[in-house]
Amino acid sequence: MLLEVPRAMRILFVNPAAELGGAERALLDCIAALREAEPQWQVDLISFADGPLLERVRALGATVQIVRLPSAVARAGEALSPRAIVQIVLAVPALQVAMVRFARAVARARADVVHTNGIKAHVLAALVVPRQTRLVVHLHDFISARSLSRELMRRLSALHENVRFLANSRAVAQDFRKLSSRADVRVLYNGIDVERFAPGQGDPDWLAGEARLAPPPADCVCFGLVGTYAHWKGHVLFIQAAGALRSRRPDLRLRFYIVGGPIYATQGSQVSVNELLECSARVGVSDCLGFVPFQAEMPRVYRSLNVVVHASTKPEPFGLVIVEAMACGLPVIVSNAGGAAELFQHGENALGFALGDSLALAAQMERLAVDAELRRALGAHARVHAGAHFALDRLGKELAAAYDT
């Protein structure tokens with residue numbers, strides 16, 4: 001009797017950006033998890049831009065093709081100004097050329113599954129991926145609240161009949177089912193490398209240097225918000241909470257960091273450094289607030305903080321920073337809405353606060369600022385929780401099953 005040998009599949013990822021935002025880091029984790037779970041499978045990537053993501057993808061053993069979109073299309077976001085619409089119309093001939101190149105790149109990959117990782121990737125892939133090839137659309141966002149994306153995604157099943165949707169949280173899955181009740185939607189929580197994101201020796205002096213600040217005193221409690229400068233990520237809310245905390249407890253030695261930068265090209269989506277500086281001056285924290293540029297080695301950042309704050313002012317689809325910080329053994333304060341609310345248990349492995357409430361955030365920050373034992377206990381429980389629920393081995397198995405069944 002001959003044993004059936006499992007077929008080595010070919011998986012093609014398509015991503016619109018090449019920076020290292022949350023969706024891109026989730027993509028890297030998917031590739032790493034898949035390479036571990038199914039090392040015989042071929043993994044490729046088509047990117048619509050060049051950037052630091054591609055070097056990381058190649059390091060994981062995947063091949064990369066670049067198909068550049070016209071700049072007007074690459075920059076297009078949900079809110080299109082009249083000028084942006086004109087630019088897109090003028091770019092149609094260039095977009096047609098790019099779509100031909102994209103179709104050829106897809107054909108060269110000879111993929112069994114095409115896995116898309118962003119709205120532009122979802123829609124453009126549905127136009128060129130052969131109908132017999134499974135299209136897996138990875139949902140990282142609440143689509144129903146986005147006017148343009150909502151209409152595009154509503155029609156996606158009609159564009160490609162062999163499509164499956166993966167949602168990074170139950171909240172995202174429920175949101176998408178409002179648009180397409182018959183869609184095949186599965187929940188696939190993001191995973192992280194819990195060996196890389198692990199407790200370790202921090203370096204507060206290094207982090208202060210990155211922010212061009214003096215080293216913090218030994219008894220200083222350092223809070224950090226990590227994320228791209230998107231308006232809804234809550235940078236202003238974090239600064240307002242820092243001001244409220246400092247006003248209420250001038251006796252405490254406190255330091256606040258904002259880590260990241262404006263990494264996406266989408267028009268109108270990013271808050272500026274000047275806006276944040278003006279806000280910090282208004283609330284009186286200019287002297288103890290530091291801005292740290294994007295860091296490739298994020299575990300070092302987390303370990304150099306005492307508390308990580310997630311302050312999104314809209315429901316978060318998932319919140320990769322939350323589980324990365326938890327895996328590093330850090331206490332995390334979480335804006336308790338959307339997919340982020342699914343990632344922790346309040347008072348056990350993190351603290352939650354009401355969406356958009358700066359005073360509630362300040363109260364939770366004060367709890368952790370004055371209670372070192374609470375910081376230690378939450379961090380220890382957070383590490384265990386992250387390892388049990390968000391490790392890459394779980395992600396790889398579930399991802400392979402989603403492709404194969």
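In what follows, residues are counted from 1 in the order of the sequence shown.
Judged purely by atom type and a 3.5 angstrom limit, Ser304 uses its side chain to pair as donor or acceptor with the backbone of Asp203. At distances below 3.5 Å, not a single donor-acceptor pair connects side-chain atoms of Arg58 with backbone N or O atoms of Thr63. Side-chain atoms of Lys120 come within 3.5 Å of backbone N or O of Ala76 as a donor-acceptor pair. In this structure, the side chain of Arg246 engages the main chain of Gly284 through a donor-acceptor pair within 3.5 Å. Side-chain N or O atoms of Arg155 include one that pairs as donor or acceptor with a backbone N or O of Glu151 at under 3.5 Å. Side-chain N or O atoms of Glu275 include one that pairs as donor or acceptor with a backbone N or O of Ser272 at under 3.5 Å.
Minimum interatomic distance between Ala121 and Val14 (heavy atoms only, all atoms of both residues): CB-O, 3.5 Å. Contact between Ala244 and Leu359 at its shortest, heavy atoms only, is CB-CD2, 4.0 Å. Across all non-hydrogen atoms, the minimal contact from Leu135 to Ala125 is CD1-CB, 4.1 Å. Leu166 approaches Ala402 most closely through the heavy-atom pair CD2-CB, 3.8 Å. Closest non-hydrogen pair, Val323 versus Leu343, comes out as CG1-CD1, 4.1 Å. The minimum heavy-atom distance linking Phe238 with Leu361 is given by the pair CA-CD2, 4.2 Å.
With respect to Glu297 and Arg300, no salt bridge is recorded, no charged nitrogen being found less than 4.0 Å from a carboxylate O. The pair Asp112-Arg134 does not count as a salt bridge, with every side-chain nitrogen at least 4.0 angstrom from each carboxylate oxygen.
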**Request:** Give the intermediate values and the outcome of side chain to side chain contact (heavy atoms under 4.5 Å, CB included) for residues Ile322 and Met326.
**Result:** CA-CA 6 Å; Ile322 299 168; Met326 293 175 81; 3.8 Å; yes

**Request:** Could you check Asn162 against Gln132 for side chain to side chain contact (heavy atoms under 4.5 Å, CB included), going step by step and ending with a plain yes or no?
**Result:** CA-CA 7 Å; Asn162 188 13; Gln132 68 273 19; 6.0 Å; no

**Stepwise side chain to side chain contact (heavy atoms under 4.5 Å, CB included) check, Val307 with Val332** = CA-CA 6 Å; Val307 180; Val332 185; over 6 Å; no

**Asked** After noting the C-alpha distance and the side-chain angles of Val226 and Val292, does the key distance pass the side chain to side chain contact (heavy atoms under 4.5 Å, CB included) rule?
**Response** CA-CA 9 Å; Val226 178; Val292 178; over 6 Å; no

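With contacts defined as side-chain heavy-atom distances shorter than 4.5 Å, the pair Arg375/Val221 qualifies. Residues Val163 and Asp184 have side chains not in contact (no heavy-atom distance under 4.5 Å, counting atoms from C-beta outward). No side-chain heavy atom of Asp175 sits less than 4.5 Å from a side-chain heavy atom of Asp141. Looking at heavy atoms from C-beta onward, Gln201 lies out of side-chain contact with Arg303 at the 4.5 angstrom threshold. Taking 4.5 Å as the limit, some side-chain heavy atom of Tyr257 sits within range of a side-chain heavy atom of Leu207.
Under the side-chain hydrogen bond (donor to acceptor under 3.5 Å, both in side chains) criterion, Arg68 pairs with no residue, sequence neighbours left out. Asn15 pairs by the side-chain hydrogen bond (donor to acceptor under 3.5 Å, both in side chains) definition with Glu24, Asn117, not counting sequence neighbours. In this view, Arg383 satisfies the salt bridge (Lys or Arg N to Asp or Glu O under 4.0 Å) rule with no residue, not counting sequence neighbours. Partners of Ser180 by side-chain hydrogen bond (donor to acceptor under 3.5 Å, both in side chains), not counting sequence neighbours: none found.
Counting only residues at least two apart or in different chains, side chain to side chain donor-acceptor pair (under 3.5 Å) contacts with residues 314-341 comprise Arg25-Glu324, Lys233-Glu316, Tyr302-Glu324, His310-Glu316, Ser312-Glu316. Identified under the ring-ring contact (aromatic ring centres under 6.0 Å, His included) test for residues 104-158, with sequence neighbours left out: Phe13-His115, His115-His138, His115-Tyr403, His138-His140. Among pairs with a residue in residues 123-132, none fulfils salt bridge (Lys or Arg N to Asp or Glu O under 4.0 Å), at least two apart in sequence or across chains. For residues 337-384, no residue pair satisfies the ring-ring contact (aromatic ring centres under 6.0 Å, His included) rule, not counting sequence neighbours. Legend: salt bridge (Lys or Arg N to Asp or Glu O under 4.0 Å) pairs involving residues 27-37, not counting sequence neighbours: none detected. For residues 93-109, no residue pair satisfies the salt bridge (Lys or Arg N to Asp or Glu O under 4.0 Å) rule, not counting sequence neighbours. Sequence neighbours left out, not one pair with a member in residues 326-336 passes salt bridge (Lys or Arg N to Asp or Glu O under 4.0 Å). For residues 353-365, the set of pairs meeting the side chain to side chain donor-acceptor pair (under 3.5 Å) definition, not counting sequence neighbours, comprises Gln364-Arg367.
No more than 12 heavy atoms of other residues, nucleotides or ligands sit less than 6.0 Å from atom CD of Glu55. More than 12 heavy atoms of other shown residues, nucleotides or ligands fall within 6.0 angstrom of atom CZ in Arg196.
Atom CG in Leu95 sits 12.5 Å away from atom CG in Leu90 (nearest 0.5 Å). Interatomic distance, Ile239 CD1 to Glu278 CD, rounded to the nearest 0.5 Å: 10.5 Å. Distance check, rounded to the nearest 0.5 Å: CG of Leu237 to SG of Cys279 gives 9.5 Å. To the nearest 0.5 angstrom, Leu124 atom CG is 11.0 Å from Ile46 atom CD1. Rounding to the nearest 0.5 angstrom, the gap separating the OG1 atom in Thr228 from the CG atom in Leu20 is 11.0 Å. Atoms CZ and CG, from Arg164 and Leu188 in turn, are 11.5 Å apart once rounded to the nearest 0.5 Å.
Checking Gln42 against Asp44 by side-chain atom types alone, a donor-acceptor pair falls below 3.5 Å.
For Phe176 and Phe165, the distance between ring centers is under 6.0 angstrom.
Ring geometry for Phe318 against Tyr189 counts as tilted: the plane angle lies between 30° and 60°, on a 0 to 90° scale.
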